[in-house]
Student: 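One structure coming up, written as structure tokens, with questions to follow.
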Amino acid sequence: MIDPRLLRDDPDLIRAAQEKRGLSTAVVDDALEADSARRAAIADFEQLRAEQKQLGKQIAQAQGEEKADLLARTKRLAADVKVAEATQTEAEQHWRDAVYAIPNPAAEESPSGGEEDYVVLSEHGTPRDFEAEGFVPRDHVELGRILGAIDVERGAKVSGSRFYYLTGAGADLELALVNMAMDQARAAGFTTMIPPTLVKPRAMEGTGFLGQAADDVYRIEGQDTYLVGTSEVPLAAYHSDEILDAESLPRRYVAFSPCFRKEAGSHGKDTRGIIRVHWFDKVEMFTYTTLEDAADEHERLLGWEQEWLDKLELAYRVIDVAAGDLGLSARRKFDCEAWVPTQGRYRELTSTSNCTDFQTRRLDIRGRFPSEGSAQPEVKPIATLNGTLVAIPRTIVAILETHQQADGSVRVPKALQPYLQGREVLEPVVPVDG
RNA sequence: GGAGGUGUCGCCUAGCCCGGUUUAUGGCGCCCGCCUGCUAAGCGGGUUGAGGGUUGUGCCCUCUCGCGGGUUCAAAUCCCGCCACCUCCGCCA
């Protein structure tokens with residue numbers, strides 16, 4: 001959630017932020033109204049409650065007639081207290097709903113506008129010119145078939161559309177990528193994690209996935225439990241209700257986990273292959289740090305993503321995602337998009353978001369800081385950030401298509417070879433045409 | 001899944017049976033000060049978090065004893081439900 005004090009003190013700032021995302025400012029007025037209603041209700045209840053407690057103390061000491069008299073008075077008061085408390089509870093719920101509807105204001109640097117209004121920050125490597133090389137590139141589905149690496153037909157047979165099997169070299173490729181990613185993160189100081197991927201509503205809501213993104217989330221029938229779409233969820237909720245010592249920051253975690261997405265509203269998009277699927281495995285980086293350090297950490301996460309893509313010898317660009325295309329929690333987001341030869345365009349491979357204190361406020365995660373001038377430490381909000389290291393299917397798509405050769409084989413990037421039993425090339429397992 | 005037990009302000013712990021000066025006891029740890037040539041010991045004080053009011057920035061108030069209800073003038077304490085952990089049994093990879 002946004003800082004409620006900021007909303008109260010500078011609502012115009014939040015209104016401007018809503019407009020930058022292309023959203024209505026009505027929610028800001030709703031929230032302001034709910035806030036003053038809430039505060040009035042609190043003052044009301046607290047006054048009555050204080051009175052009740054005072055009388056209660058007197059009753060404990062009073063005797064006889066005096067006691068009976070006090071009891072009669074406070075009995076009426078008790079009813080009022082009950083009503084005031086209910087009013088307060090309701091007002092706080094209203095307020096919470098209103099404030100929760102407001103997304104994290106986008107960073108000043110984030111471009112205004114929607115999905116198409118991103119800004120390209122940099123380009124790396126050169127897309128291969130297959131025409132100059134004299135052959136027509138095969139797409140990843142065809143390459144996956146030739147290499148015995150991807151089986152989408154049987155995936156659909158067993159689980160439905162947007163499911164697949166990784167087989168043989170494909171499965172080997174996933175394990176190699178995961179191990180390589182984990183090694184890189186470990187070397188950078190991340191703590192490796194295998195988190196649970198079924199979570200309670202608190203974790204889902206706390207990370208901002210039950211708002212506008214709720215349609216994309218699998219819920220377990222008959223249970224208040226969800227399948228996560230990213231390990232960001234269990235990694236953020238990991239420290240919920242905790243106060244972290246400032247000296248322990250930044251805390252960096254890297255997790256391997258499956259991810260589940262309904263892909264509601266993407267009917268007909270990317271129906272071929274494994275670009276957009278209901279389940280995939282991912283290695284995700286996650287950082288808890290101070291608000292002051294968050295922007296720098298965001299750059300570092302981007303740096304690790306680029307290091308990763310460089311090692312895979314892919315051509316990619318980095319974009320600054322526009323405000324209207326940010327998730328609920330993000331203040332700023334960078335996507336790394338790799339060139340996919342048969343699509344003739346860049347596709348998102350990794351993504352890193354700075355969520356500042358949006359998630360930590362919802363999940364009650366704070367930092368304990370030594371305060372200047374005072375002996376007592378200070379408890380303050382902290383920031384969370386996340387970044388993909390490797391989302392398996394799309395990375396496999398980019399590797400197969402980018403490093404394919406005319407005979408249907410695929411060259412293995414040098415850095416990946418040690419993780420693939422030293423293989424330099426993935427060879428076809430079926431006869432190849434032309 | 002069944003039976004029993006436990007859950008207190010960073011950690012440990014008293015209080016619960018028998019509701020009311022409980023402003024939740026004591027210890028450990030941590031912080032500040034005193035003492036001291038230095039360190040330790042000793043002595044004194046402080047130390048959950050959230051929210052509201054006031055702007056006198058220091059003070060006042062409310063909430064917080066696993067969570068949620070209930071009883072009562074009043075709940076850590078009594079009642080109901082839930083959750084987590086421990087022990088035993090059952091089942092299971």
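Throughout, protein chains are lettered first and strands after them, A, B, ... in sequence-line order, and every chain is numbered starting at 1.
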Student: Let me spell it out: for each of A/Gly56 and A/Gln52, pick the nucleotide of RNA chain B with the closest heavy atom. Which residue's pick is nearer the 5' end?
Tutor: A/Gly56
Student: From B/rC73, B/rC61, B/rC63, pick the nucleotide closest to the side chain of A/Arg49?
Tutor: B/rC63
Student: Does A/Tyr226 have any ring-ring contact (aromatic ring centres under 6.0 Å, His included) partners at least two apart in sequence or in another chain, and if so, which?
Tutor: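 With sequence neighbours excluded, A/Tyr226 shows a ring-ring contact (aromatic ring centres under 6.0 Å, His included) to no residue whatsoever.
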Student: Using the C1' atom on both, measure B/rG66 against B/rA84 and round to a whole Å.
Tutor: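 Each nucleotide's C1' atom is 7 Å from the other's.
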Student: Can you list the residues that meet the ring-ring contact (aromatic ring centres under 6.0 Å, His included) rule with A/Phe190, with sequence neighbours excluded?
Tutor: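 Scan of A/Phe190 (ring-ring contact (aromatic ring centres under 6.0 Å, His included), adjacent residues dropped) gives A/Trp304.
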Student: Just compare B/rG49, B/rC61, B/rA75 and give me whichever is closest to any side-chain atom of A/Ile243.
Tutor: B/rG49
Student: Is the side chain of A/Asp357 donor-acceptor paired with the backbone N or O of A/Thr360 at a distance under 3.5 Å, no angle test?
Tutor: no
Student: Looking only at atom types and distance, does a side-chain atom of A/Gln359 sit under 3.5 Å from a main-chain N or O of A/Gly206, one as donor and one as acceptor?
Tutor: no
Student: Measure the distance from CG on A/Asp364 to C1' on B/rG49 and round it to the nearest whole Å.
Tutor: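 These atoms are roughly 10 Å apart.
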Student: Taking side-chain hydrogen bond (donor to acceptor under 3.5 Å, both in side chains) as the definition, give me every residue that meets it alongside A/Gln184, ordered by chain and number, with sequence neighbours left out.
Tutor: A/Lys311
Student: Can you tell me how far P in B/rC82 sits from the matching atom in B/rC32, rounded to whole Å?
Tutor: 49 Å
Student: Once side-chain hydrogen bond (donor to acceptor under 3.5 Å, both in side chains) is applied, do any residues pair with A/Glu297, and if so which ones, sequence neighbours excluded?
Tutor: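 Partners of A/Glu297 under the side-chain hydrogen bond (donor to acceptor under 3.5 Å, both in side chains) test: A/Arg252, A/Thr287, A/Arg300.
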Student: Shortest non-hydrogen contact from A/Leu326 to A/Ser110?
Tutor: CD1-OG, 4.5 Å
Student: Distance check needed: B/rG51 P versus A/Leu7 CG, whole Å only.
Tutor: 15 Å
Student: Rounded to the nearest Å, what distance is computed from the CG atom of residue A/Asp224 to the C1' atom of nucleotide B/rC83?
Tutor: 13 Å
Student: With a 4.0 Å cut-off on heavy atoms, is A/Arg366 in touch with a base, just the backbone sugar-phosphate, or nothing at all?
Tutor: sugar-phosphate
Student: Sort me out a list of protein N/O and nucleotides 67-72 of chain B N/O pairs below 3.5 Å, or just none if empty.
Tutor:
{"unit_1": "B/rU71", "atom_1": "OP2", "unit_2": "A/Lys82", "atom_2": "NZ", "d": "3.0"}

Student: Rounding to an integer number of angstrom, what distance separates B/rC65 and B/rC16 when you compare their C1' atoms?
Tutor: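 Each nucleotide's C1' atom is 11 Å from the other's.
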Student: Looking at every non-hydrogen atom in both residues, tell me the closest pair between A/Arg15 and A/Thr25 and how far apart they are.
Tutor: O-CG2, 3.6 Å
Student: With sequence neighbours left out, write down each residue that passes ring-ring contact (aromatic ring centres under 6.0 Å, His included) with A/Phe45, or none if nothing qualifies.
Tutor: none
Student: For the pair made of NZ in A/Lys380 and P in B/rA50, what is the distance, rounded to whole Å?
Tutor: 13 Å
Student: Considering only the P atoms, how many Å lie between B/rC80 and B/rU21, rounded to the nearest integer?
Tutor: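 The answer is 25 Å between these two P atoms.
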Student: Would you check if A/Asn386 and A/Leu235 make a side-chain contact, meaning some heavy-atom pair closer than 4.5 Å?
Tutor: no
Student: How many whole angstroms separate atom CD of A/Glu51 from atom P of B/rA74?
Tutor: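 To the nearest whole Å, that distance equals 14 Å.
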Student: Taking the P atom of each, how far is B/rG27 from B/rU47, in whole Å?
Tutor: 15 Å
Student: Going by the rule side-chain contact (heavy atoms from CB on, under 4.5 Å), which residues pair with A/Lys380 if we only count those two or more places apart in sequence or in a different chain?
Tutor: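 Per chain and number, A/Lys380 pairs via side-chain contact (heavy atoms from CB on, under 4.5 Å) with A/Phe369, A/Glu378.
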Student: Take N1-N3 plus N6-O4 or O6-N4 for Watson-Crick, N1-O2 plus O6-N3 for G-U, both under 3.5 Å. Which runs of 3 or more such pairs involve RNA chain B?
Tutor: B:1-7 with B:83-89, B:10-12 with B:26-28, B:29-34 with B:42-47, B:49-53 with B:59-63, B:66-70 with B:78-82
Student: Can you name the nearest heavy-atom pair linking A/Gly148 to A/Val429, along with the distance?
Tutor: N-CG2, 3.6 Å
Student: Under the side-chain hydrogen bond (donor to acceptor under 3.5 Å, both in side chains) rule, what pairs show up with a residue in residues 75-86 of chain A, not counting sequence neighbours?
Tutor: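 Checked against side-chain hydrogen bond (donor to acceptor under 3.5 Å, both in side chains) - neighbours excluded - no pair reaches residues 75-86 of chain A.
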Student: Take atom CD of A/Glu242 and atom P of B/rC11, then tell me their distance rounded to the nearest Å.
Tutor: 11 Å
Student: Shortest non-hydrogen contact from A/Leu210 to A/Ala214?
Tutor: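 In terms of heavy atoms, the two residues are closest at O-CB, 3.4 Å.
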Student: Starting from C1' on B/rG53, measure out to CD on A/Gln88 and report it in whole angstrom.
Tutor: 14 Å
Student: Between A/Ile59 and A/Arg8, name the one whose nearest nucleotide on RNA chain B is closer to the 5' end.
Tutor: A/Arg8
Student: Quick one: label A/Arg5 by what it contacts on the DNA or RNA (base, sugar-phosphate, nothing), any heavy atom closer than 4.0 Å.
Tutor: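 The answer is sugar-phosphate, as A/Arg5 gets under 4.0 Å only of primed atoms, P, OP1 or OP2.
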Student: Report the residue from A/Glu313, A/Glu401, A/Glu427, A/Glu424 that forms a salt bridge (charged side-chain N to carboxylate O under 4.0 Å, His left out) with A/Arg411.
Tutor: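 Result for salt bridge (charged side-chain N to carboxylate O under 4.0 Å, His left out) with A/Arg411: A/Glu313.
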Student: Considering only the P atoms, how many Å lie between B/rU71 and B/rC79, rounded to the nearest integer?
Tutor: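 B/rU71 and B/rC79 have their P atoms separated by 15 Å.
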Student: Can you list the residues that meet the ring-ring contact (aromatic ring centres under 6.0 Å, His included) rule with A/Phe334, with sequence neighbours excluded?
Tutor: A/His298
Student: Return no unless some side-chain N or O of A/Lys57 is found under 4.0 Å from OP1 or OP2 of B/rU23.
Tutor: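 No.
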Student: Identify all pairs in which a protein N or O lies below 3.5 Å from an N or O of nucleotides 28-30 of chain B, and state each distance.
Tutor:
none

Student: Of the nucleotides B/rC61, B/rG49, B/rC73, which one has an atom closest to the side chain of A/Val379?
Tutor: B/rG49
Student: For A/Glu378 and B/rA50, what is the distance between atoms CD and C1' respectively, to the nearest whole Å?
Tutor: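 That distance rounds to 15 Å.
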Student: Taking the P atom in each of B/rC63 and B/rA24, what is the distance between them to the nearest angstrom?
Tutor: 13 Å
Student: Which of residues 27-47 of chain A have a heavy atom under 4.0 Å from RNA chain B?
Tutor: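 Close to the strand are A/Arg38, A/Arg39, A/Ile42, A/Phe45, A/Glu46.
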Student: Using the C1' atom on both, measure B/rA76 against B/rU87 and round to a whole Å.
Tutor: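 It comes out at 26 Å once rounded to the nearest Å.
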